[in-house]
Amino acid sequence: MPIELIRKKQLLGHKGAIYSLLLAPDKQSVFSAAGDGYLVQWPLSPLGDGQVLAQLDAPIFSMALLQEDRILLGDQHGDIHLIDYPNKQLLQQRRGHDKGVFALLPWSNSSFLSAGADGQLSRWSIPKFRPEASWKLSHKSLRALLLTTDQSTLVAAGSQGHLFFLDAQDFSLQKEIPQAHQSSIFCLAQTPNYLLSAGRDAFFRVWTKKEKEEIPSHAAHLFTVNDLAISPNGRYLASASRDKTLKIWSLPDFRLLKVIDAPRGGHINSVNALLWANDQLLLSASDDRSIIVWELLEIAAD
């Protein structure tokens with residue numbers, strides 16, 4: 001089915017590149033985190049100005065919702081911060097990695113995971129707010145974490161270009177795919193049957209979840225693919241790239257439907273992060289320090 005992507009609003013206020021987007025628990029607002037160290041909350045209905053919730057002294061690379069009123073932030077220096085966002089309070093801060101924290105993942109009621117530039121995966125105790133266990137997976141940065149929908153497997157990926165499949169119970173290595181990409185893997189996504197990975201080689205690659213085997217890959221962009229996001233209804237894949245474009249693909253056939261660049265109202269610099277607020281509303285964030293809110297419309301055939 002043909003689609004249109006309508007630009008609803010450009011959200012301005014950050015003073016640095018925006019690296020992460022997160023949907024609020026009530027789905028009525030989104031959070032953004034950026035190179036200026038700001039955590040900002042933006043209302044979606046109606047679309048309006050952002051409210052600063054926290055400011056760190058370092059760029060924020062990663063973000064995760066820990067509880068209804070808690071957000072985790074990972075910064076450039078390797079610190080992890082716990083924010084009570086309704087009250088704008090910093091509750092905890094601890095060094096987690098030698099360098100940047102690129103991925104955060106809630107794990108249980110009492111733990112979360114972090115991955116960093118030191119190649120380590122760490123499991124943290126929330127009550128103690130410190131790592132309980134760590135695993136050195138790579139001699140280069142770990143960039144992305146994903147828990148499969150059946151909660152049996154944790155997938156990790158990073159600058160080495162490898163995919164690591166770990167048992168979600170004991171973190172034992174089930175399988176490693178060396179050179180899954182020619183260079184860094186920056187993002188992971190999943191459908192019911194497939195795992196998707198993308199990164200510096202400008203491809204997104206598709207792997208069967210069961211056999212962990214690759215099916216034909218897709219040359220998605222001209223430069224690095226920074227993020228992938230699948231719509232809640234599972235019908236569309238959005239990809240964001242350093243080539244300054246946002247693309248929409250149909251699922252499950254991975255057919256290209258729409259390309260949005262600067263002349264079509266898109267970003268003027270690298271597109272870094274994507275977030276579906278619902279089946280129709282897509283947000284993109286960029287090095288140009290802005291967030292653009294898009295509405296996806298399906299066009300019925302004549």
Side-chain angles (χ1 to χ4, degrees), residues 19-20 61-64 72 74 78 80 96-108 111-125 130-218 220 224-230 237 239-240 273-274:
Y19 297 123
S20 185
F61 286 165
S62 56
M63 182 167 47
L72 289 168
I80 298 176
H97 295 270
D98 291 341
K99 297 179 182 178
V101 182
F102 292 120
L104 293 164
L105 182 66
W107 195 245
S108 71
S111 65
F112 67 89
L113 304 181
S114 66
D118 53 10
Q120 290 208 132
L121 168 69
S122 296
R123 185 182 70 230
W124 289 64
S125 163
R130 67 186 183 197
E132 293 181 312
S134 294
W135 300 267
K136 181 78 170 179
L137 296 182
S138 175
H139 65 276
K140 292 186 177 182
S141 301
L142 288 181
R143 290 278 190 166
L145 298 173
L146 179 145
L147 179 65
T148 56
T149 48
D150 65 4
Q151 299 188 334
S152 68
T153 304
L154 172 69
V155 187
S159 296
Q160 199 173 351
H162 295 201
L163 283 173
F164 303 91
F165 297 85
L166 308 174
D167 185 277
Q169 296 298 317
D170 60 11
F171 296 90
S172 60
L173 185 64
Q174 296 176 334
K175 184 173 183 176
E176 179 179 350
I177 301 178
Q179 297 303 307
H181 286 256
Q182 294 177 5
S183 54
S184 300
I185 301 172
F186 285 167
C187 52
L188 299 168
Q190 63 182 321
T191 70
N193 297 315
Y194 298 110
L195 170 73
L196 286 71
S197 59
R200 196 181 297 277
D201 62 8
F203 278 75
F204 68 76
R205 301 187 185 276
V206 184
W207 313 83
T208 59
K209 280 187 175 178
K210 186 177 180 180
E211 296 84 9
K212 303 177 178 61
E213 295 177 351
E214 185 179 7
I215 66 173
S217 57
H218 300 261
T224 300
V225 181
N226 290 319
D227 202 10
L228 298 171
I230 295 173
L237 167 70
S239 61
L274 298 167

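- Here the closest non-hydrogen pair linking His139 and Gln160 is CE1-NE2, 3.3 Å.
- Glu214 is not listed as a side-chain neighbour of Ile177, based on a closest heavy-atom distance of 4.5 Å or more.
- Checked against side chain to side chain donor-acceptor pair (under 3.5 Å), Lys212 has no partners two or more places apart in sequence or in another chain.
- Residues meeting the salt bridge (charged side-chain N to carboxylate O under 4.0 Å, His left out) test with Asp118, sequence neighbours left out: none.
- The number of heavy atoms from other shown groups lying within 6.0 Å of NZ (Lys99) does not exceed 12.
- In this structure, NZ in Lys140 is found 12.0 Å from CD1 in Ile185, a value given to the nearest 0.5 Å.
- Closest approach of Ile230 to Ala189, counting heavy atoms only: CD1-CB, 4.1 Å.
- Separation of atoms CG (Leu121) and OG (Ser138) is listed at 11.5 Å; rounding is to 0.5 Å.
- The backbone N or O of Glu213 lies less than 3.5 Å from a partner atom in the side chain of Thr208, making a donor-acceptor pair.
- Legend: residues meeting side chain to side chain contact (heavy atoms under 4.5 Å, CB included) with Gln179, ordered by chain and number and at least two apart, are His162.
- Under the 4.5 Å side-chain criterion, counting only non-hydrogen atoms from C-beta, Trp107 is in contact with Leu154.
- Around CD of Gln151, the count of heavy atoms belonging to other residues, nucleotides or ligands within 6.0 Å does not exceed 12.
- When the side chain to side chain contact (heavy atoms under 4.5 Å, CB included) test is applied to Ala103, the partners found at least two apart in sequence or on another chain are Ala115, Leu145.
- Residues passing the side chain to side chain contact (heavy atoms under 4.5 Å, CB included) test with Ser184, sequence neighbours excluded: Ser159, Phe186, Arg200.
- Here the closest non-hydrogen pair linking Arg205 and Ala180 is CD-O, 3.1 Å.
- Put simply, CG on Leu196 and CG on Leu188 are 9.0 Å apart, with the number rounded to the nearest 0.5 Å.
- Scored by the side chain to side chain donor-acceptor pair (under 3.5 Å) test, Ser197 finds His181, Trp207 as partners (sequence neighbours excluded).
- Annotation: the span from Trp124 atom CH2 to Ser108 atom OG amounts to 14.5 Å, rounded to 0.5 Å.
- By the 6.0 Å contact criterion, CD on Gln182 is open, its count of non-hydrogen atoms from other residues, nucleotides or ligands being 12 or less.
- Residues Thr191 and Val206 form no side-chain contact, since every pair of their non-hydrogen atoms from C-beta on lies 4.5 Å or further apart.
- Of all heavy-atom pairs spanning Pro106 and Ala64, the tightest one is CD-CB, 4.0 Å.
- In this structure, the side chains of Leu173 and Phe165 stay at 4.5 Å or more apart for every pair of heavy atoms.
- Partners of Arg123 according to the salt bridge (charged side-chain N to carboxylate O under 4.0 Å, His left out) rule, which considers only residues two or more places apart in sequence or in another chain, are Glu132.
- Scanning all heavy atoms of the two residues, the minimum distance from Leu228 to Ser239 falls at CD2-CB, 3.7 Å.
- Phe102 contributes atom CZ, which lies 4.5 Å from atom OG of Ser141 (distance to the nearest 0.5 angstrom).
- Sorted pairs that involve residues 182-192 and meet salt bridge (Lys or Arg N to Asp or Glu O under 4.0 Å), not counting sequence neighbours, are lacking altogether.
- At distances below 3.5 Å, not a single donor-acceptor pair connects side-chain atoms of Thr153 with backbone N or O atoms of Thr148.
- One distance of note links OG1 of Thr149 with CG of Leu195; it measures 10.5 Å at 0.5 Å rounding.
- The neighbour count for Lys210 NZ, taken as heavy atoms of other residues, nucleotides or ligands under 6.0 Å away, does not exceed 12.
- Residues that satisfy the ring pair (Phe, Tyr, Trp, His ring centres under 6.0 Å) test with Tyr19, not counting sequence neighbours, are Phe61.
- Side chain of Gln190 to backbone of Leu147: a donor-acceptor contact under 3.5 angstrom is found.
- Considering only residues two or more places apart in sequence or on other chains, Ser152 meets the side chain to side chain donor-acceptor pair (under 3.5 Å) condition with Asp150.
- By the side chain to side chain donor-acceptor pair (under 3.5 Å) test, Ser125 pairs with no residue at all, sequence neighbours left out.
- The shortest side-chain heavy-atom distance between Ser114 and Ser122 falls under the 4.5 Å cut-off.
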Trp135/Leu166 under side-chain contact (heavy atoms from CB on, under 4.5 Å): CA gap, chis, key distance, verdict:
CA-CA 11 Å; Trp135 300 267; Leu166 308 174; over 6 Å; no
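- Residues satisfying the salt bridge (charged side-chain N to carboxylate O under 4.0 Å, His left out) test with Glu176, not counting sequence neighbours, are none.
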